[in-house]
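Taking it in order: structure first as structure tokens, then the write-up.
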Amino acid sequence: MKVSDIERKARRILADTFEPYRWSSEEIRDAVQEGVGALNALRPETRCVDGKLVDFMEIGDVDTFPIAARFEEALVCFVVYKCYLDDDTDTVNAQLSDRYLGMFTTKAQL
């Protein structure tokens, strides 16, 4: 799976596709990393890397990381959740944040 693909899809949902971006690539990467941790907690089998179980999967600075492509939509939802959470003083964005967290949980458990 690629961080850049998740970022591109999340930015489309967030309508954040032109520079200067509302959310930086670093913020998106941090959200992906946090999403991987949340996914690992919900689906322990995603912690299997190269046939070994890891306590925590660090995606680091690389673009590709070893999680099945079927979880990409869930991670996109998690990134959108985290970005909207930054704007939680806005009632609409707080509601959207909650919605995308629920979508993450649902898609992760499929």
Side-chain angles (χ1 to χ4, degrees):
M1 184 172 309
K2 292 186 173 191
V3 174
S4 58
D5 291 341
I6 294 169
E7 179 176 359
R8 181 176 38 78
K9 290 175 182 180
R11 284 192 189 284
R12 239 184 283 148
I13 293 168
L14 294 162
D16 188 30
T17 55
F18 297 103
E19 291 187 32
Y21 295 127
R22 165 70 179 88
W23 293 276
S24 71
S25 291
E26 292 78 25
E27 289 173 304
I28 299 282
R29 178 174 284 281
D30 289 347
V32 171
Q33 178 65 70
E34 194 172 334
V36 167
L39 184 60
N40 290 168
L42 286 172
R43 299 298 300 258
E45 70 272 18
T46 62
R47 294 177 26 223
C48 187
V49 179
D50 297 328
K52 297 178 183 167
L53 197 62
V54 297
D55 288 331
F56 180 75
M57 184 184 300
E58 180 70 46
I59 63 171
D61 291 332
V62 297
D63 189 40
T64 303
F65 58 100
I67 287 193
R70 68 188 179 107
F71 294 114
E72 183 177 71
E73 283 186 56
L75 289 173
V76 169
C77 289
F78 190 89
V79 169
V80 172
Y81 150 71
K82 289 298 291 183
C83 290
Y84 280 140
L85 190 63
D86 286 347
D87 291 334
D88 65 354
T89 56
D90 181 324
T91 304
V92 173
N93 284 353
Q95 291 169 344
L96 285 170
S97 177
D98 288 344
R99 179 175 171 228
Y100 276 94
L101 179 58
M103 289 171 63
F104 161 75
T105 303
T106 299
K107 289 178 184 294
Q109 293 176 340
L110 293 178

- Message: What I'd like to find out is whether the side chain of I28 reaches to under 4.5 Å of the side chain of C83, using heavy atoms alone.
- Response: yes
- Task: Starting at NZ of K82, measure out to SG of C77 and round the result to the nearest 0.5 Å.
- Result: 15.0 Å
- Task: May I ask you to decide if the ring planes of Y100 and Y84 are parallel, tilted or perpendicular, using 30° and 60° as cut-offs?
- Result: tilted
- Within the distance-only criterion (no hydrogens, no angle test), does the side chain of E34 pair as donor or acceptor with the backbone N or O of V79 below 3.5 angstrom? no
- Task: Any chance you could measure N93, atom CG, to D86, atom CG, to the nearest 0.5 Å?
- Result: 10.0 Å
- Query: Should R99 and M103 count as side-chain neighbours, where that means a heavy-atom distance under 4.5 Å?
  - Reply: yes
- Item | Partner residues of S25 under the side-chain hydrogen bond (donor to acceptor under 3.5 Å, both in side chains) criterion, sequence neighbours left out | E7
- Message: I need the L75 CG to I59 CD1 distance, nearest 0.5 Å.
- Response: 9.0 Å
- Task: Please list all pairs passing the ring-ring contact (aromatic ring centres under 6.0 Å, His included) test where one or both residues lie in residues 51-82, with sequence neighbours left out.
- Result: F78-Y81, F78-F104
- Which distance, rounded to the nearest 0.5 Å, do you find between the CZ of R8 and the NZ of K2? 9.5 Å
- Atom pair CG/OG1 of L101 and T106 - distance to nearest 0.5 Å: 9.5 Å
- Applying side-chain contact (heavy atoms from CB on, under 4.5 Å), name anything that partners D30, two or more places apart in sequence or on another chain. none
- Message: If we ignore hydrogens and angles and just use 3.5 Å, is the side chain of R11 paired with the main-chain N or O of F18 as donor and acceptor?
- Response: no
- For R22, side-chain hydrogen bond (donor to acceptor under 3.5 Å, both in side chains) partners two or more places apart: D87
Please report, to 0.1 Å, the donor-acceptor pairs under 3.5 Å made by any side chain of residues 35-47, with sequence neighbours excluded.
| residue | atom | partner | partner atom | Å |
| --- | --- | --- | --- | --- |
| N40 | ND2 | V36 | O | 3.3 |
| N40 | ND2 | T46 | OG1 | 2.8 |
| R43 | NE | E45 | OE2 | 2.6 |
| R43 | NH1 | A108 | O | 2.9 |
| R43 | NH1 | L110 | O | 3.0 |
| R43 | NH2 | E45 | OE2 | 2.5 |
| T46 | OG1 | R43 | O | 2.7 |
| R47 | NE | V54 | O | 2.7 |
| R47 | NH2 | V54 | O | 3.3 |

- Query: Please, which pairs that meet side chain to side chain donor-acceptor pair (under 3.5 Å) have at least one residue in residues 68-80, sequence neighbours excluded?
  - Reply: K9-E72, E73-K107
